[in-house]
Amino acid sequence: MKRLEIQYQEFAKIQELNQLDELLILAAKAALEGSYSPYSNFQVGAAARLSNGSIVTGFNIENASYPVCLCAEQTTISAVKTQYPNEVIESLAITVKSAHSTVNQPATPCGKCRQLLSEQERLNGSPIRLILNGEIGPVWVFKSVNDLLPFSFTGEWL
Ligand code: THU
């Protein structure tokens, strides 16, 4: 039998993060306010920190035709790639807020976004750290997208 193990850090609150990570989560929380999510009433904000120190943000954009909805990770990656095509993404903070209840634990990226981020990580040539937080409560830090999508499908098969 083979065994796969992942490790991640948990911080009790965002104030326990280092200053750069706390700033990135705060940028994601600010971005979340731009979310267009009238159907789910679930706001998602993301903020990427690049190797040149820039922070690029995004949020989810929904549509009456539900499959057209864009996740916050998608809009953020689009913004990064159009504004800074040559920069490496060092960290990505993702945060959520629901109109239905207070989200008190981190929400992890959906499968499609894990696949999107995974390929960007490969292009990057270095891991993208993920910093995840709900509206309140603990923060989870993963050192690589790959930790959330082991055995990912890659272009090597094509
Ligand atoms: N959503 C994201 O923005 N990112 C994810 O990884 C999961 C889901 C958005 C899509 C939709 O607008 C809302 O959250 C509810 O699914």
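This is a predicted model, so every value here is computed, not measured. Quick note: numbers below take in every heavy atom, side chains included, and nothing from hydrogens, waters or symmetry partners. Both counts, for ligands and for their atoms, begin at 1 and track the order of listing.
Atoms of ligand 1 lying under 4.0 Å from any heavy atom of P109, numbered from 1 in the order shown and given with element: 6 (O). Atoms of ligand 1 found under 4.0 Å from any heavy atom of C110, numbered from 1 in the order shown, are 5 (C), 6 (O), 7 (C). For ligand 1, the atoms sitting less than 4.0 Å from at least one non-hydrogen atom of E62 are 11 (C), 12 (O), 13 (C), numbered in the order shown with element in parentheses.
Remark: E73 does not engage R114 in a salt bridge, criterion side-chain N to carboxylate O under 4.0 Å.
Looking at ligand 1, you won't find any N or O of T108 less than 3.5 Å from one of its N or O atoms. For A72, a nitrogen or oxygen atom sits less than 3.5 Å from a nitrogen or oxygen atom of ligand 1, counting backbone and side chain alike.
Nearest to atom 1 (N) of ligand 1 by heavy atom, out of C71, A107, S35, is C71. For atom 15 (C) of ligand 1, the nearest non-hydrogen atom from the set G111, S40, S37 belongs to S40. Of the listed options Y36, Y39, Y66, F42, F42 places a heavy atom closest to atom 14 (O) of ligand 1.
Side-chain atoms of E87 and S51 include a donor-acceptor pair closer than 3.5 Å. Remark: the S40 side chain and the E62 side chain contain an N/O donor-acceptor pair separated by less than 3.5 Å. Looking at S54 and N52, their side chains do bring a donor and an acceptor atom within 3.5 Å of each other.
Using the six-membered ring where Trp is involved, F142 and Y8 have ring planes that are parallel, under 30° apart on the 30 and 60° scheme.
In this structure, T95 contributes its side chain and K29 its backbone to no donor-acceptor pair below 3.5 Å. In terms of modelled atom types and a separation under 3.5 Å, the side chain of Q115 and the main chain of F153 share a donor-acceptor contact.
Of the protein's non-hydrogen atoms, the one nearest atom 4 (N) of ligand 1 is E73 OE1, 2.8 Å.
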